[in-house]
Colleague: 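One structure follows; several queries about it will come next.
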Amino acid sequence: MKPPLSQRSGSITPFWAMEVLERARAIERQGARVIHLEVGEPDFPAPPEAVEACRQALARGETGYTDSRGILELREAIADEHARRSGRPVGAERVLVANGTSPALFLALAALLDAGDEVILATPHYAAYPNIVRAAGGVPVPVLTRAERGHRLDPEAVARAVTPRTRAVLLNSPSNPTGAVQPREVVAKLAELGPALISDEIYAGLVYGGAEACSALSLSDGAFVLDGFSKRFAMTGFRVGYVIAPPEALRALQSLAQNLFISASPFSQRAALAALEHGAPAAEEMRRALESRRAQLLDGLRGLGFELPAAPEGAFYLLADARRFDVDSRRLAFRLLEEGHVAVAPGIDFGEAGEGHLRFSYTASPRDIDEALTRLRKLL
Ligand SMILES: Cc1ncc(COP(=O)(O)O)c(C=O)c1O
């Protein structure tokens, strides 16, 4: 018998990059070598100090629940880091550690939204955003950004999208999938708009060519800032992220966290703390490597005829206009996978505005990026 699934669950769309990855794994099982440019996961190891801290925590028997807000030392270290980054005081009482940035976003939305409340987000957007908004009972309201303008968000367009139901504006700078870094004046205008500003800064630190990503915390104590260890420290599997919120919101976030997730894993939190304390050199080494791969892939894709009007300044993605090859991004991505064994994410994952595009993650070695470009040249 078919279970009576909710309309809400039916509104959650599949993540095509994951479907590409799963098909790529099947092709690999048949013996072919696939080049992976589809997933948003650094191909670097976690900082060794983080791995060691995790090992030691396990050996000490730190295997139980922690405070639902996260272990105090970690919250303090996170607060210190953000105080440094933003140039304003940030106290540990504003930090809640979760099992990743995605759960932290869900907690922030669950604390802010009633059923039917609206959340404005720039599109093309991170694939999960509208789905997380819907899962929290909200309605995503996309505001288009354009490649010709470097995907800079227009605060006037955001203001026009505000209605009496708008509860939050969700910002992601540097952005997945566009790599765009929003200028300080844009973040400042969004912070003044009225609805809560939720700023997902998970790619902070991953900026290139001297770009600077402005933290919402440097402009407003009212913002909800999300960040985590998955990207900058290459620690996706540790599952640690956090939200820094206005102090008045903490109690609501904590109650939600206690009920929904109880706590993040203790040994992962120890690893995260070690990453903050000792991981900066490894993170900087990774950033430098990504910067040079970005130039390599950008030149290579432009040479093949993909349109990339502005060089993205952050994260580790290029969202390339592929309409001269095929207007259907899913069809094109699966053709490149089946015929060329190059895995990329179809742009439709990132909203209607991403259709006709492909997202390339430069989280593969320079040799593999070269090999992918050679294979694409043959196919296209
Ligand atoms: C913009 C953005 N936010 C959040 C996440 C999820 O991060 P985490 O692994 O911390 O849950 C991702 C992962 O791709 C992302 O791109």
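Numbering of residues begins at 1 and proceeds along the displayed sequence. For the numbers below, each heavy atom of this structure counts, side chains included, while hydrogens, waters and symmetry mates do not. Everything numeric in this text was worked out from a predicted model, so none of it was measured. Counting convention: from 1, in listed order, for ligands and their atoms alike.
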Colleague: When you compare the side chain of H341 with that of R375, does any pair of heavy atoms fall below 4.5 Å?
Modeller: yes
Colleague: Using the ring centroid of each side chain, check whether F238 and F233 are separated by less than 6.0 Å.
Modeller: no
Colleague: Will you find, in the side chains of S218 and S215, an N or O donor that is under 3.5 Å from an N or O acceptor?
Modeller: no
Colleague: How would you list, by chain and number, the residues with a heavy atom under 4.0 angstrom from ligand 1?
Modeller: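 Residues within 4.0 Å of ligand 1: G100, T101, S102, Y126, Y129, N172, N176, D200, I202, Y203, S230, K231, R239.
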Colleague: Is any NZ, NE, NH1 or NH2 atom of the basic residue among D154 and R146 found under 4.0 Å from an Asp or Glu carboxylate oxygen of the other?
Modeller: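 Salt bridge flag = no for R146 with D154.
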Colleague: May I have the step-by-step check of ring-ring contact (aromatic ring centres under 6.0 Å, His included) for Y203 and Y317, ending in yes or no?
Modeller: CA-CA 11 Å; Y203 295 99; Y317 307 107; 5.6 Å; yes
Colleague: Please list, one pair per line, the donor and acceptor atoms closer than 3.5 Å that link side chains of residues 103-123 to other protein atoms, with sequence neighbours excluded.
Modeller:
unit_1, atom_1, unit_2, atom_2, d
D117, OD1, R165, NE, 3.2
D117, OD1, R165, NH2, 2.9
D117, OD2, D114, N, 2.7
D117, OD2, R167, NE, 3.4
E118, OE1, T163, OG1, 2.8
T123, OG1, H125, ND1, 2.9

